[in-house]
Number of protein chains: 2
Amino acid sequence: MLEDLDREIVRLLCRDGRMSYTDLGRATGLSVSAVHQRVRRLEQRGVITAYAAIVDAAEIGLPLTAFVSIKPIDPSQPDDAPERLRDLTAIEACHSVAGEESYLLKVRVGTPGDLESLLQQIRAAANVSTRTMVVLSTPYEARPPAI
Amino acid sequence: MLEDLDREIVRLLCRDGRMSYTDLGRATGLSVSAVHQRVRRLEQRGVITAYAAIVDAAEIGLPLTAFVSIKPIDPSQPDDAPERLRDLTAIEACHSVAGEESYLLKVRVGTPGDLESLLQQIRAAANVSTRTMVVLSTPYEARPPAI
DNA sequence: AGTGAAAACTTTGGTAG
DNA sequence: CTACCAAAGTTTTCACT
């Protein structure tokens, strides 16, 4: 699926997305231009999809995280909940899941009041019922994959 | 909580973690050194905690994502599940949650067989029962916060 | 696929407004 | 806090293997 050198490059960039090609070259035993070419290929193939700063949500005014699972109220309607919810930027992720409920959303807001109004918006926009798991603390998150 | 300029810098770096200080300066109207200093301060204050490449999990051999909620079998025992589970690198995130269950884990594995053995390891390591929501597809994920 | 080298650009630290 | 400068380092492209 992925060659050893590429795996190692991806592994390093998951741990430090700003690592320089010089350092990647040193770490992999490749020249700067060889690493550069491999990284570009990984980006083009869609293995690496983006680079991002990881931020402490509480520090940017979003101290309240929750997981919201949703269930259609009328299961005969077409299921386009992800598109209907796309503009609610408090929703960080939307996963289609097997089981009782149809989607699991991860949301981040500032206050319980914000969560309440977000849930109302979700229910109205997607015609769904919601079940909410409020996050009390996050021992760890966004750990790099074991590759 | 966070000044307008800092908010804008954080916003830009969440969208492109490899953006140069030169470009951040252009985007914010600051000089390179002013941006540089602000970014360093944001890192030191713990607002920006890391930079990471975002990777397509399927492309690196982890096509199966699941959310596993866990409940202690013996609620009188001390609750140190996060530490007991820390070495299971297939666990990407661990959130303490309000409600029926005590933690919600996000896990990534290669195959259903890997998920089965991971669940056994989770139950054995933390003395918990598990409930698993298998992810069928992910319309979106890791969207940058709305700040 | 890989290397090495040159030009353009970025980072970083000092100094000063 | 911000700006400017200059040295050191990095990125990017290209010719060659």
Side-chain angles (χ1 to χ4, degrees), chain A residues 1-63 110 142-147, chain B residues 1-63 110 142-147:
Chain A
M1 183 155 274
L2 214 57
E3 211 193 314
D4 273 8
L5 279 168
D6 286 334
R7 285 230 319 276
E8 183 61 10
I9 290 170
V10 169
R11 210 182 65 79
L12 291 163
L13 284 173
C14 284
R15 279 156 186 74
D16 177 5
R18 286 187 80 105
M19 195 168 176
S20 74
Y21 297 125
T22 309
D23 288 346
L24 285 170
R26 260 196 284 279
T28 55
L30 288 173
S31 69
V32 169
S33 23
V35 175
H36 190 188
Q37 185 174 295
R38 276 174 184 268
V39 171
R40 258 195 312 238
R41 225 182 25 233
L42 290 164
E43 290 166 358
Q44 284 177 350
R45 280 178 50 193
V47 178
I48 294 173
T49 59
Y51 299 91
I54 299 180
V55 162
D56 183 327
E59 290 279 353
I60 57 168
L62 300 170
R143 298 206 301 182
I147 50 174
Chain B
M1 183 154 277
L2 214 56
E3 210 194 314
D4 273 9
L5 280 168
D6 286 334
R7 285 230 319 275
E8 182 61 10
I9 290 170
V10 170
R11 210 184 64 80
L12 291 164
L13 284 173
C14 284
R15 279 156 186 75
D16 177 4
R18 287 188 79 106
M19 196 167 174
S20 74
Y21 298 126
T22 309
D23 288 346
L24 285 170
R26 260 196 285 278
T28 54
L30 290 173
S31 72
V32 170
S33 27
V35 174
H36 190 187
Q37 187 173 300
R38 276 174 185 269
V39 172
R40 259 195 311 238
R41 221 180 29 231
L42 289 165
E43 290 166 358
Q44 282 177 351
R45 279 178 51 194
V47 178
I48 294 174
T49 59
Y51 298 90
I54 297 179
V55 162
D56 183 328
E59 290 279 352
I60 57 167
L62 301 170
R143 299 206 300 181
I147 52 173

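Chain identifiers are assigned alphabetically (A, B, ...) following the order of the sequence lines, protein sequences preceding nucleic acid strands; residue numbering begins at 1 within each chain.
Spacing between atom CG of B:L24 and atom C1' of C:dC9 amounts to 15 Å, rounded to whole angstrom units. Between B:L5 atom CG and D:dC1 atom P there is a gap of 12 Å when expressed in whole angstrom units. Atom OH in B:Y51 sits about 10 Å away from atom P in C:dT11, given to the nearest Å. Atom CG in A:D16 sits roughly 14 Å away from atom C1' in D:dT10 (whole-Å rounding). The separation between A:D6 atom CG and C:dA1 atom P is 9 Å, rounded to whole Å.
Side-chain proximity of A:A34 to the nucleotides D:dT12, D:dA3, C:dG2 is greatest for C:dG2. With D:dC1, D:dT12, C:dT12 as the candidates, the nucleotide lying closest to the side chain of A:Y21 is D:dT12. Of all nucleotides listed (C:dA1, C:dG2, D:dT11), C:dA1 comes nearest to the side chain of A:R41.
In terms of phosphate contacts, A:R18 brings a side-chain nitrogen or oxygen within less than 4.0 Å of OP1 or OP2 of C:dT11. Using a 4.0 Å cut-off, some side-chain N or O of B:R38 falls inside it from OP1 or OP2 of D:dT2. Side-chain nitrogen and oxygen atoms of A:T22 include none within less than 4.0 Å of the OP1 or OP2 phosphate oxygen of D:dG9. OP1 or OP2 of D:dT11 has not a single side-chain nitrogen or oxygen of A:R40 nearer than 4.0 Å. Within the 4.0 Å cut-off from OP1 or OP2 of D:dT11, not a single side-chain nitrogen or oxygen of A:H36 is found.
With contacts defined as side-chain heavy-atom distances shorter than 4.5 Å, the pair A:L2/A:L42 qualifies. You'll find the side chain of A:V47 stays beyond 4.5 Å of the side chain of A:D6, heavy atoms only.
In this structure, A:T49 contributes its side chain and B:D56 its backbone to no donor-acceptor pair below 3.5 Å. Checking side-chain atoms of A:R18 against main-chain N and O of B:M19 turns up a donor-acceptor pair under 3.5 Å. No donor-acceptor pair under 3.5 Å is formed between the side chain of A:R26 and the backbone N or O of A:T22.
Heavy atoms of B:S20 sit under 4.0 angstrom from primed sugar atoms or phosphate atoms, though from no base atom.
Checking B:D23 against A:E3, the closest nucleotide of DNA chain C that is more toward the 5' end is the one next to A:E3. The nearest heavy atom of DNA chain C to A:S33 and to A:Q37 marks one nucleotide each, and the one closer to the 5' end goes with A:Q37.
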